[in-house]
Amino acid sequence: MPLRAPSAPRLRRRALLGGLGACLAAPLLPGPARGTALPPRPETVPGRRHDWHFLARERGARLLGPDGPESRVWTYTDDVLPVLRIRIGDSIRAVLENRLPEHTTIHWHGLRVPNAMDGVPYVTQPPVGPGQSFTYEFTPPDTGTFFLHPHCNEPGQVGRGMAAVLVVEGDEPEPSDADIVLAVKDWRLAGDGGWLPFDTPQGAGRAGTFGTRRAVNGAARFAADVPAHGDIRLRLVNLDATRTLLAGVEGAEAFVIATDGNPVPPFPLDKWRLGAAMRLDILVRAPAAGQGFTVFDYATREPWPIGRFTAAPSAKRERPFAPRGLYAATLPRPDLDAAERLPFAFSASLGASGDVAGLPPDDPFAKILMDGLCVGSRTFWAINKSTWPSGDHRQLPPPLAELKAGRSYIFELHNTTPHPHPIHLHGHSFEVLSLSRQEGAPRFTADTVLLQARERAEIAFVAAPGNWMFHCHVLEHLETGMMGWLRVT
Ligand code: C2O
Ligand code: CU
């Protein structure tokens, strides 16, 4: 089995497991033992109701800087990549009014919403056509860092800016001294502010089509002052269509406190990979006044500064830094001994063609059919050899699996390709039990797990009722086959 060269202390255990046969994904990720360390969250009391009106339409924004040309973004509000904050116990009533030229929806990524609120056209709701509205109403059950985006023409809609960050507060036993969202998302812009094609065959069939301008919170750079010696909570959100980040901090000590919004017993941040759609909450102890620290993306040849921070004088004193962590998540805990195991292979598609009704992809009628389906004309990828869609319009392909609500499952994921695939399951958070290419990562909970080239992983969860999408979050990959759904009854 192609494991990376193990670090010395693990050599014996690895060598031993390697001999047991290729069916083993990887040793279980080491502790913390499940449920240790984190204090329980106080009982949730009903809070207020947030009435939001999202007017999805084209707007102008200067993405290339205040003196640059205007770009035509598609957004939910007058802000590009707005951050919405609520408290645990609050409820949401969000009206989506669609003034875009094509249909859309809102998917609440990572939130365990009732299935009918999940925002997947044809699967959980009819698509919201131009001029139509849809109302989403639910009470988020978990704290954390989430985001929302359409589930339709994702490269084109998210590419033009259709996304927002949603923070559900109420997970901090001791309040942090600052709470800052860093949403990473590149823009695919030409120099005149116009859009470049969001999907390309070269990109879709490989690691995805990258943006031309790196950006955080919509802009080319991010800098902020923070209180000296303060505890700074940073919420890293990878909103990019494609990019995998390798996040780390220079100039200050940092601990990971949540993964995809799910609290973890704090551990020191060395470097952490975030595939598309993944989030990482970290707590950084700010240095003395006048000094600074930087959050870097080390995945590129030249590390790229995601955010630069300068400590400003404050009343805080220097003291030891040992974060106690957030309140524990309140997720149903999978029973690993009783869990049923199901394998999922993520691969290139066999007969990659996927033409629509036999029409060449440049036929205008093929375009109309595809717009109705929210899928592209090409098929490059498959899950367990089936591609999305299987060819019949508006008829769902059969589910990848049928599960029983309330039962525990272990999914054995295998990326058979040389490209990374961040795999997302709707409506659930799962425990990541093993990752064949991650040495020494502590066990964590997530809604999206990054499978690096040829990597295997095991995830465990308790199934919740509904029809849930299961797909790669490289936007061009899900649009070209690497998507399916699970039926949980
Ligand atoms: Cu953010 Cu179907 O996903
Ligand atoms: Cu993928």
Side-chain angles (χ1 to χ4, degrees), residues 104-113 115 117-125 127 144-155 157-159 162-166 183 185 199 203-210 237-244 260-261 273-279 344-349 352 374-376 378-384 387-388 396 400 413-430 446-455 457 466-486:
T104 191
T105 59
I106 295 177
H107 169 56
W108 308 83
H109 184 116
L111 286 158
R112 295 185 301 134
V113 298
N115 194 239
M117 297 290 110
D118 200 41
V120 183
Y122 303 111
V123 176
T124 67
Q125 68 167 89
T145 308
F146 306 99
F147 66 107
L148 37 145
H149 64 83
H151 223 279
C152 212
N153 176 18
E154 293 194 49
Q157 293 192 9
V158 180
M162 291 283 283
V165 175
L166 173 59
K185 183 188 161 2
D199 43 51
R206 297 192 181 88
T209 303
F210 286 78
V237 187
N238 186 351
L239 288 183
D240 199 59
T242 296
R243 185 179 287 287
T244 297
D260 289 353
R273 270 197 178 79
L274 286 93
M278 294 168 70
R279 289 90 67 212
F344 292 91
F346 299 84
S347 68
S349 64
C374 303
V375 293
R378 290 162 281 116
T379 303
F380 294 114
W381 307 102
I383 305 177
N384 282 352
T387 59
W388 178 273
L396 291 183
L400 292 167
L413 314 180
H414 184 195
N415 175 7
T416 68
T417 81
H419 302 290
H421 300 290
I423 303 301
H424 172 47
L425 173 60
H426 282 211
H428 297 75
S429 282
F430 46 76
D447 54 58
T448 307
V449 62
L450 178 66
L451 302 180
Q452 297 182 62
R454 315 265 176 217
E455 187 161 33
N467 296 333
W468 302 109
M469 304 307 286
F470 186 45
H471 62 83
C472 177
H473 222 286
V474 170
L475 301 183
E476 289 163 286
H477 289 181
L478 72 92
E479 302 273 355
T480 57
M482 199 174 272
M483 179 154 77
W485 63 289
L486 307 169

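Both counts, for ligands and for their atoms, begin at 1 and track the order of listing.
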- prompt: Do Asn153 and Pro155 come close enough that some side-chain heavy atom pair is under 4.5 Å?
  reply: yes
message: Any non-hydrogen side-chain atom of Glu479 less than 4.5 Å from a side-chain atom of Asp199?
response: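 They are not in side-chain contact.
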Cut-off under 2.8 Å, centre the Cu ion (ligand 2), protein N/O/S atoms: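 The answer, once waters are left aside, is His421 ND1, Cys472 SG, His477 ND1.
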Any donor-acceptor N/O pair, Thr124 side chain to Gly119 backbone, under 3.5 Å: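 Yes, because the side chain of Thr124 sits within donor-acceptor range (under 3.5 Å) of the backbone of Gly119.
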- prompt: So Phe344 and Phe470, would you call those rings parallel, tilted or perpendicular, with 30° and 60° as cut-offs?
  reply: perpendicular
Mutual orientation of the aromatic rings belonging to Trp381 and His419 [parallel < 30°, tilted 30-60°, perpendicular > 60°]: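 Rings of Trp381 and His419: perpendicular, over 60°.
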- request: Would you check, one step at a time, whether the test ring pair (Phe, Tyr, Trp, His ring centres under 6.0 Å) holds for His473 with His109?
  value: CA-CA 11 Å; His473 222 286; His109 184 116; 4.8 Å; yes
Pairing of Lys185 and Asp240 as salt bridge, 4.0 angstrom limit: no
message: I'd like to know if Arg112 pairs up with Asp447 as an ion pair, taking the criterion as any Lys NZ or Arg NE/NH1/NH2 lying under 4.0 Å from an Asp or Glu carboxylate oxygen.
response: no
message: Give me the number of protein N, O or S atoms whose distance to atom 2 (Cu) of ligand 1 is under 2.8 Å.
response: 3
message: To the nearest 0.5 Å, what is the distance between CE on Met483 and NE2 on His424?
response: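 With rounding to 0.5 Å, CE (Met483) is 11.0 Å from NE2 (His424).
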